[in-house]
Amino acid sequence: MIDGTRVCAIIPAAGSGTRMGRGDARSKTLIPLRAVPVILRTLGRFEESAAVDDVVVTLREADIGSVRDLIAGAGFRKVREVIPGGAERQDSVRLGFASKTAAAAGIIVVHDAVRPLVTAGLIERVIRAAHREGAAVAAVRPKDTVKIELSGALETPDRGRCWLAQTPQAFRRDLFAEGLERAGKEGFHGTDDVSLVERLGRVVSIVEGSYNNVKITTPGDLAIAELLLGRENADHGQS
Ligand code: CTP
Ligand code: MG
């Protein structure tokens, strides 16, 4: 709850992990990270967050049974629905949004299942900004110079105006409903969630994210996430 408003997290976890290069052998979200599957690490962060009331997870059909068992085994109490996702990330988020659980919330926060290093602090800051402004996104400044390729020619945007969008991304529910509806009508498929609200001409608030909030996309990212988790644990006196 944030100021009496119910908060629902949607965790899209229905991707096929193509860039991880494992074929269909094992879903990316089930890969163990320091002995705990990625999806459980991510869900654990939402369990910890006092701002989040309910969680909906969207998965590939083949993973639903095993993830339900993992969630029960972990004793998580906020996960209300574990349901099938869709062909594209946006479809998976849309299906999560269509759930009963999301319909009962005033604020929706979307977070990639494959960002297990998100902190309860960042989750809460993004939710609070969305509660205030309507929509919010965690983002960091690019460290490299950004190039945009336009039919062969390069352009170099001012790095000081560039952001790299992460998740969490959060919304007042009605505003996200409007963004999803417009995107559906116009056949727009975004690679993130707030882009649907940007297209409505509405302001999206940026919340400083963290370089540690890595997205596990390629095998190298797994190694980085393990190192970062190890450092977090050392900071908290765990092994
Ligand atoms: N996702 C999803 N449904 C899809 C595609 C992606 O729920 N149809 C989820 C992924 O499971 C992941 C998040 O969206 O938690 C971010 O997606 P990404 O990192 O691109 O994962 P994949 O799509 O699985 O990987 P790839 O693009 O390499 O296939
Ligand atoms: Mg993908």
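Every number for a ligand or one of its atoms is a count from 1 in the order of the listing. In this chain, residues are counted from 1 in sequence order.
Every atom of ligand 1 with a heavy atom of S16 under 4.0 Å away is listed here by number and element: 24 (O), 29 (O). Those atoms of ligand 1 that come under 4.0 Å of a heavy atom in A113, given as number and element, are 15 (O). Of all atoms in ligand 1, numbered sequentially from 1 with element shown, those under 4.0 Å from a heavy atom of T18 are 25 (O), 26 (P), 28 (O), 29 (O). Atoms of ligand 1 found under 4.0 Å from any heavy atom of A87 (numbered from 1 in listed order, with element): 8 (N). Below 4.0 Å from some heavy atom of V114 lie the following atoms of ligand 1, by number and element: 12 (C), 15 (O), 19 (O). In the vicinity of S92, heavy-atom distances shorter than 4.0 Å reach the ligand 1 atoms 2 (C), 3 (N), 4 (C), 7 (O), 8 (N).
Atom CZ of R202 has 12 or fewer heavy atoms from other residues, nucleotides or ligands within 6.0 Å.
Closest to atom 27 (O) of ligand 1, if we only count protein heavy atoms, is R19 NH2, 2.9 Å. Scanning the protein for heavy atoms near atom 21 (O) of ligand 1, the closest one is K28 NZ, 3.1 Å. For atom 9 (C) of ligand 1, the nearest protein heavy atom (residue, atom name, distance) is P12 O, 3.5 Å. Of the protein's non-hydrogen atoms, the one nearest atom 13 (C) of ligand 1 is D112 OD1, 3.4 Å. Protein heavy atom in closest approach to atom 24 (O) of ligand 1: G17 N, 2.8 Å. Shortest contact from atom 7 (O) of ligand 1 to any protein heavy atom: A14 N, 2.8 Å. In terms of protein heavy-atom proximity, atom 11 (O) of ligand 1 is closest to G15 N, 2.9 Å.
The shortest N/O to N/O separation between K215 and ligand 1 falls below 3.5 Å. Residue I216 has no nitrogen or oxygen atom sitting less than 3.5 Å from a nitrogen or oxygen atom of ligand 1, judged on distance alone.
Using the six-membered ring where Trp is involved, F176 and F97 have ring planes that are perpendicular, over 60° apart on the 30 and 60° scheme.
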query: Given the rule in the side-chain hydrogen bond (donor to acceptor under 3.5 Å, both in side chains) test, do D63 and S27 qualify, once you have shown the distances and angles that lead to the verdict?
result: CA-CA 8 Å; D63 293 334; S27 174; 3.0 Å; yes
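Between R159 and D144 there is no salt bridge, since no side-chain N of the basic residue sits under 4.0 Å from a carboxylate O of the acidic one. Using a cut-off of 4.0 Å between Lys/Arg side-chain N and Asp/Glu carboxylate O, D158 and R161 are scored as not salt-bridged.
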